[in-house]
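Both backbone and side-chain heavy atoms feed into the values below; hydrogens, waters and symmetry mates do not.
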Amino acid sequence: MAGTSTDETAGERRQLINVAYRLLGSLAEAEDAVQEAYARWYALPRGRREQIVSPGAWLTTVTGRICLDVLGSARARRERYVGAWLPEPLPDRAEWDHGQGADPADQMVLDESVTMAFLVVLEAMTPAERVAFVLHDVFRYPFAEIAGVLGRTPAACKQLAASARRRVGAGRAPVTADGQADAVRRVRQAWETKDIAALVDVLDPAAVMTADGGGMAGAVLHPVEGGARIAQYMVAIADKAPGLELLERSVNGAPGLVARRGGVVLTVASFDVVDGRVTRIWVVRNPEKLRPWGRDG
């Protein structure tokens, strides 16, 4: 039956925020995209809104198109970005900064599709691949609906999702939370004791560390490659960071580390672990991307 209540339409917000964050890797941009979708919904004449059988599908299509436009312009914006661009890290719901007005912690679902490792892979896709893959493989939308977002045939959308799936790869056995937490704990302990040998032991020899300061906080502009080099860099940072606390925290639903001084979060680090050793470290220091963290603990 056509027509919907305001409450019913508002109830779609949680799903839309989750879709948009996975498409954009930025909570702020996701919220803007969803807000714009609702603005377009309420701008429709009342009679037109009442004719729409599935407002949720309409809002998803519009949100997807807005995100597609944002992704299309993101490459140019990121070319001007200072240093590497990383997705925005999300804290556990209990640790969210609840002083930011409408609480996004109630909206976000933290699962394997928002881990930093997964989001970084999504960043390597074309905008169309990312939309097709996220909507179909993560949220199980049919290709007939995705076609309305991308303006392509369902068959073409299926091909885009398949191409994106190849970028993700066949995959390896997922690391358990306990296994990742153990590796992260070893990193924290070695950093606190400035033990280069212990850091080298937990880091894969071919490990890569990427940092995002956005020109607003000190960070290496290029990835640091090699476990030994990363270990030396981390110990050098420890020497220059008196009063800095390193805490084990959930980052995008996976074990990570948070550095704070005086209760203020300055750095959030995510990890990828293979066979008990850290292969990738993603460090976010751009304060604009740390707003959900506020004051930790």
Side-chain angles (χ1 to χ4, degrees), residues 25 78 81-90 112-125 167-214 217-241 244-260 265-286 289-290:
R78 289 173 192 171
Y81 195 82
V82 178
W85 188 97
L86 291 175
E88 182 179 320
L90 300 178
E112 64 276 4
S113 69
V114 294
T115 62
M116 191 63 69
F118 191 78
L119 292 175
V120 168
V121 171
L122 294 180
E123 284 294 317
M125 298 177 183
R167 292 181 186 267
V168 174
R172 51 180 166 78
V175 178
T176 64
D178 288 345
Q180 179 150 334
D182 179 66
V184 171
R185 183 170 299 112
R186 290 168 62 196
V187 170
R188 177 185 63 78
Q189 293 169 343
W191 186 86
E192 289 177 338
T193 57
K194 303 178 185 179
D195 188 337
I196 289 182
L199 278 170
V200 170
D201 187 56
V202 72
L203 294 169
D204 186 276
V208 178
M209 183 183 74
T210 304
D212 176 347
V220 287
L221 296 180
H222 303 286
V224 180
E225 301 181 358
R229 290 187 63 201
I230 294 171
Q232 292 168 353
Y233 177 83
M234 291 179 68
V235 169
I237 291 295
D239 285 334
K240 298 176 181 178
L244 197 67
E245 296 179 277
L246 207 57
L247 307 168
E248 295 171 39
R249 292 289 187 267
S250 171
V251 181
N252 286 61
L257 292 175
V258 168
R260 71 180 186 185
V265 172
L266 302 177
T267 304
V268 173
S270 304
F271 300 82
D272 199 17
V273 177
V274 177
D275 296 330
R277 304 186 88 177
V278 173
T279 58
R280 293 294 305 264
I281 305 176
W282 297 282
V283 179
V284 177
R285 302 204 69 236
N286 182 342
K289 295 185 178 183
L290 299 180

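- Every residue meeting the side chain to side chain donor-acceptor pair (under 3.5 Å) condition with Arg188, not counting sequence neighbours, appears here in chain and number order: Glu192, Glu248.
- In this structure, Pro87 and Val120 approach most closely via the heavy-atom pair CD-CG2, 4.2 Å.
- Minimum interatomic distance between Val184 and Gly256 (heavy atoms only, all atoms of both residues): CG1-O, 3.7 Å.
- Residues Arg186 and Asp201 meet the side-chain proximity criterion, which asks for heavy atoms closer than 4.5 Å.
- Here the options are Thr279, Val251, Ile281, the test is side chain to side chain contact (heavy atoms under 4.5 Å, CB included), and the partner is Phe271; only Ile281 passes.
- For the pair Thr115 and Glu112, the tightest heavy-atom approach, listed with the atom from each and the gap, is OG1-O, 3.3 Å.
- With sequence neighbours left out, Asp182 forms a side chain to side chain donor-acceptor pair (under 3.5 Å) with no residue at all.
- Remark: Phe118 CZ to Asn252 CG distance equals 12.0 Å, nearest 0.5 Å.
- Considering only heavy atoms from C-beta on, Pro205 stays 4.5 Å or farther from Val200 through its side chain.
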### Task
Could you go through the side-chain contact (heavy atoms from CB on, under 4.5 Å) check for Tyr233 and Leu199 one step at a time?
CA-CA 11 Å; Tyr233 177 83; Leu199 278 170; over 6 Å; no

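- When each of Val268, Asp212, Val82, Thr267 is tested with Asn286 by the rule side chain to side chain contact (heavy atoms under 4.5 Å, CB included), just one qualifies, namely Asp212.
- For the pair Val278/Val187, a side-chain contact is recorded, criterion being any heavy-atom separation below 4.5 Å from C-beta on.
- Contact check for Arg280 versus Ser270: no side-chain heavy atoms found under the 4.5 Å cut-off.
- Once rounded to the nearest 0.5 Å, the distance linking CE of Met116 with CG of Leu90 reads 8.0 Å.
- Nearest heavy-atom pair, Val284 versus Lys289, reported as atom, atom and distance to 0.1 Å: CG1-CB, 3.9 Å.
- The shortest non-hydrogen separation linking Gly227 to Leu203 is O-CD1, 3.4 Å.
- You'll find the side chain of Leu86 stays beyond 4.5 Å of the side chain of Glu123, heavy atoms only.
- The minimum heavy-atom distance between Ser113 and Leu119, with the atom names listed, is O-CD2, 4.0 Å.
- Between the Asp204 side chain and the Arg277 main chain, no donor and acceptor come within less than 3.5 Å of each other.
- Applying the salt bridge (Lys or Arg N to Asp or Glu O under 4.0 Å) criterion to Glu245, with sequence neighbours excluded, gives Arg260.
- Counting heavy atoms from C-beta outward, Met125 and Val168 have side chains that approach closer than 4.5 Å.
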